[in-house]
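Each remark here refers to the structure printed beneath this line.
In what follows, chains are A, B, ... by sequence order, proteins preceding strands, each numbered from 1. Only heavy atoms go into these numbers, but all of them, side chains included; no hydrogens, no water, no symmetry mates.
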2 protein chains.
Amino acid sequence: MRLLLVEDSPRLIELVSETMHEAGWRLDAVSTLRDAEAAIASREHDLVLLDLGLPDGDGLGLLKWLRQEHAGLPVLIITARGSVDERIEGLDAGADDYLVKPFHHRELLSRCRAMLRRNPQAIQPVLEAGSLRYDPATADLTCGGEVVPLPPRERSLMEILMREVGRVVPKRRLETALSEYGQELSSNALELAVSRVRKKLQSLKTGVQIETVRGIGYLLRTNS
Amino acid sequence: MRLLLVEDSPRLIELVSETMHEAGWRLDAVSTLRDAEAAIASREHDLVLLDLGLPDGDGLGLLKWLRQEHAGLPVLIITARGSVDERIEGLDAGADDYLVKPFHHRELLSRCRAMLRRNPQAIQPVLEAGSLRYDPATADLTCGGEVVPLPPRERSLMEILMREVGRVVPKRRLETALSEYGQELSSNALELAVSRVRKKLQSLKTGVQIETVRGIGYLLRTNS
DNA sequence: GCCCGGCTGTCGAAATCCTGTCGGGAAAAG
DNA sequence: CTTTTCCCGACAGGATTTCGACAGCCGGGC
C-alpha cells in the first residue's frame, strides 16, 4: 500500500509520513504539481493526499486532470481552506474526502482507511502463500491467525514477494521498491532484510520460504 | 525480459537504460531505423520503445512494417510530437501506447509494465524440450520433475537455446545475450558454458543435446 | 533528562558458488 | 598436413550471498 502526499510544508510532510509509517504504509511526498503529476502517472500509488496551496499552482487543476486520467484513484484534500463553499468546490472537483487543517493525525488515518475500504479498485485482495496471509490495507502479516510483527522494511519485502509468489523478483526491483522515493539503499540492506525475514519465517511454520536465485533475485516459494 | 530502444539521443538512451535496469530488464539500444529493423528481425525483444524522430527517417514507417511482420510485438512510441492529431496518427499506425517527451522515467516504467501485462504473448510460457522444462518465472530448469540447478550464465544459455529448439543460434548472438550490458565476454566463455551445460545434460537423461554447428553456432536438438 | 527497545545500518568473516585462464588435445576444414 | 575451431579438465581468483556482532538512531516511557 503506497500513498502519495502532495504538500510543500516539510513539517506536515514529516507528520503525515510518520502517521502512515505507523499504519504500515509507504508514503512518497512531492512538493510541486509537476512532480505530483509525474508520480501519479507512474501509477504506483493507491491514494493521493493533496494539499491545495502549492507553490506552482492550485491543486484543483491537478485534481481535474487526475479525474480524467486516473479516474479510480482516491483523492483526499488536505487544506486550510475550510469554508463550506471551498469544501464543496473541492469535492465537486472530484475529491473523495476533504480534511481541513489543522487536523488530528488519527483522523487522517481513519479517513484514509475508509477511502480505501470503499474504493474497490484500490483494495488489493489479501495475499496468500502457504499459511501466510498479508492484508495490504491493514498491513498485517498473519500466520495461521496469529499476527507476525514485522518492521517496515521487512514488511514491504514480504508484500512484494507475496504479490509475486512463485516468481523470481529481481534484486534491483526489490531494492527500488524498498527504498523510499529517491533514496538509494545501502549496499546490503536488501540481503539483510531477506536474512532477517527468513529467520522469522523459519521459526514459524509458514510452509513458505525465500529462495535465492543467484545473480537474479529472490523468490518466495511454498513448500510443496 | 528484453526491450529494444530505438532512439538517437545518448542522454535519453542512458536514462532509459538506467530505468530498465532498475526494473530488472535488459535493454538494447539502436539509433537508426536500419539497426532497429535488424534487431527486431532477430526476435529477441519483448517490447519496442520507438522514438519517431530519427536521423535516417521517420519511425512511423518502421512501425507499419513492424505491424505486418511482427504483429504481436508491443510498441510504445516516445516522442516530442504531442498534439492530439499526432497521437492519433501514432496509435492508428499500430502503436500500443504513446508517451510524450519529456516524461518521467517512472511513468515509462509503469507503462511498460502495463503493456507487458496485457500482452499475453510476452508472458513467457514454460519452455520445453525433450524431458526438459524451463520456467522463466521461477528460473527453474527441471528434468522429469527434478530441478537442475544452473548458474546464471548457463541458465541464460539454456533459456535461449530452448527458445529456439531445433534451430541454430549464432555464436555472436549467444555471446551478446550472455554478456551483461556492455561487457565483452572473454574469448571462450561461451564454449565453456556450453561445455558445462553439456556435461550436466548428459548426466541426466534429458533426451536433449547441444550440437555444434561449426563456424556458426549451436543448436539444441531433441534425440528422436 | 535518561534509559530502553526496536529498527536498520556497518563491518567483517565465512561459505558457497561462478567463471575465467591455461593448455593439451580432438575434430573439422581446407 | 596444416590451420582453424572447438572441447574440456584442472585450478584459482573472484564474485555473491549469508549472517553474527555490534553501533547509531529515534521515539516512548519513566
Please check if the side chain of Arg198(A) supplies one atom and the backbone of Ile210(A) the other of a donor-acceptor pair under 3.5 Å. yes
Atom-to-atom span, CD of Gln209(B) to P of dC7(D) - whole angstrom: 13 Å
Heavy-atom side-chain contact between Ile160(B) and Tyr218(B) under 4.5 Å: no
Does dT17(D) have its OP1 or OP2 closer than 4.0 Å to a side-chain nitrogen or oxygen of Lys171(A)? yes
Distance test, side-chain N/O of Arg196(B) to OP1/OP2 of dG9(D), below 4.0 Å: no
Within the pair Arg214(B) and dA27(C), is there a side-chain N or O less than 4.0 Å away from OP1 or OP2? no
OP1, OP2 of dT18(D) versus side-chain N and O of Thr212(A): anything below 4.0 Å? yes
Any side-chain N or O of Lys199(A) less than 4.0 Å from the OP1 or OP2 oxygen of dT18(D)? no
Measure from CG on Leu201(A) to P on dC19(D) and round the result to the nearest Å. 12 Å
Roughly, in whole Å, what's the span from CZ in Arg153(A) to C1' in dC25(D)? 14 Å
Asp96(A) side-chain N/O to Val75(A) backbone N/O, donor-acceptor pair under 3.5 Å: yes
Once you round it to whole Å, what is the distance between P of dT21(C) and CG of Leu192(B)? 9 Å
Separation of atom CG in Asn188(A) from atom C1' in dA15(C), rounded to whole Å: 16 Å
I want to verify a distance call: between dC7(C), dT18(D), dG9(C), whose nearest atom is closest to the Glu191(A) side chain? dT18(D)
Expected output: side-chain Glu159(A) to main-chain Met1(A) donor-acceptor under 3.5 Å: yes
Atom CD of Glu18(A) and atom P of dC7(C): how far apart are they, to the nearest Å? 14 Å
I want to check one thing: is the phosphate of dC7(D), taken as OP1 and OP2, less than 4.0 Å away from some side-chain N or O of Tyr218(B)? yes
